[in-house]
Engineer: 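The structure's right below; bear with me while I get my questions together.
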Amino acid sequence: MDRSTDRPASANDEAGPGDGLVRAGAIVFIVGAVATLVTVAPLFLGSDPFPTIAYAVSMLMGVGFAVAGAGVLRSVAAQRSRDRA
């Protein structure tokens with residue numbers, strides 16, 4: 001048993017290929033989602049819109065989705081090659 005979490009330790013606890021990309025993609029996606037909410041808020045509040053750079057940061061949502069997708073594909077490819085061996 002793993003004493004820090006009180007659950008059985010298993011081989012699945014170690015990070016596999018692509019896991020880092022999925023985590024990084026999720027973080028970038030969340031940053032982009034927050035930026036999107038911030039840039040849309042002035043439309044509902046009736047205030048002045050944010051500068052163009054705020055809209056550029058909103059594009060990180062798509063970038064994060066793509067990075068996470070690349071991590072999933074890398075993980076799938078590693079698992080397929082491991083299953084073939």
Engineer: Which heavy atom of V22 sits nearest a heavy atom of V72, and at what distance?
Structural biologist: CG2-N, 3.8 Å
Engineer: Which atom pair, heavy atoms only, marks the closest approach of V28 to L60?
Structural biologist: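 So the minimum-distance heavy-atom pair works out to CG1-O, 3.4 Å.
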Engineer: Determine, using the 4.5 Å side-chain heavy-atom cutoff (strictly less than), whether M61 and F65 are members of one ILVMFWY cluster.
Structural biologist: yes
Engineer: For residues 36-56, tabulate all N or O donor-acceptor pairs below 3.5 Å that involve a side-chain atom, not counting sequence neighbours.
Structural biologist:
unit_1: T36; atom_1: OG1; unit_2: G32; atom_2: O; d: 2.8
unit_1: T39; atom_1: OG1; unit_2: A35; atom_2: O; d: 3.1
unit_1: T39; atom_1: OG1; unit_2: T36; atom_2: O; d: 3.0
unit_1: T39; atom_1: OG1; unit_2: S58; atom_2: OG; d: 3.4

Engineer: Measure across A78 and S81 and return the closest heavy-atom pair with its distance rounded to 0.1 Å.
Structural biologist: O-OG, 2.9 Å
